[in-house]
Amino acid sequence: MTIERYGISGKQLSKFSGVSENHISEFRRGKTGISTEVLWKLIEAMDEIKPGARAYFCNRLTGGQGFGNSSQMSVPKQLESLLNMQILVDELSDDSLALLLMVVAARIKNGVSSSHAKGFELIG
């Protein structure tokens, strides 16, 4: 959704991220997965190509909840929310981060609402 919203091409994403166009295409079509390292490269590349894309992606990922809906927040507040999210993620153990990524992947794949995820608890 972020790539489409910001008009980012696979070619641009490949150039800025260093990830092959083929890998990006297969991931977008659901033919292959990607590592967290590659995902982060793609997110960073999107924001380099179109500033604001990372914030939009993170807001979509969180459903506009938890750290506030960016459509109702000023840019400085959005950045503060992203930094707070980054601090929380940085403090997670590798096992907890892996669990978080699995929960996020399931939410993206299945469209699970945040109300269904209230039973999940990450152990740091």
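Keep in mind that this is a model prediction, so the values were computed, not measured.
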Point-to-point distance, once rounded to the nearest 0.5 Å, from [atom1] of [X] to [atom2] of [Y]:
X: Ser20; Y: Glu26; atom1: OG; atom2: CD; value: 8.0 Å
X: Leu42; Y: Ile3; atom1: CG; atom2: CD1; value: 7.0 Å
X: Phe57; Y: Met46; atom1: CZ; atom2: CE; value: 5.5 Å
X: Ile34; Y: Phe27; atom1: CD1; atom2: CZ; value: 3.5 Å

[X] versus [Y], closest heavy-atom pair with distance:
X: Ile8; Y: Gln12; result: CA-OE1, 3.4 Å
X: His23; Y: Thr32; result: O-CG2, 4.2 Å
X: Ser17; Y: Ile24; result: OG-CD1, 4.3 Å

After noting the C-alpha distance and the side-chain angles of Leu13 and Val19, does the key distance pass the side chain to side chain contact (heavy atoms under 4.5 Å, CB included) rule?
CA-CA 8 Å; Leu13 202 51; Val19 177; over 6 Å; no
Can you list every side chain to side chain donor-acceptor pair (under 3.5 Å) pair that touches residues 39-50, not counting sequence neighbours?
Glu44-Arg54, Asp47-Arg54
For Ile108 and Val104, run side chain to side chain contact (heavy atoms under 4.5 Å, CB included): C-alpha distance rounded to whole Å, both residues' side-chain angles, the deciding distance at 0.1 Å, then the answer.
CA-CA 6 Å; Ile108 291 170; Val104 169; 3.9 Å; yes
Counting only heavy atoms not in Asp90 (residues, nucleotides, ligands), do more than 12 fall under 6.0 Å from its CG?
yes
Would a distance-only check, ignoring hydrogens and angles, find a side-chain to backbone donor-acceptor pair under 3.5 Å from Ser25 to Glu21?
no
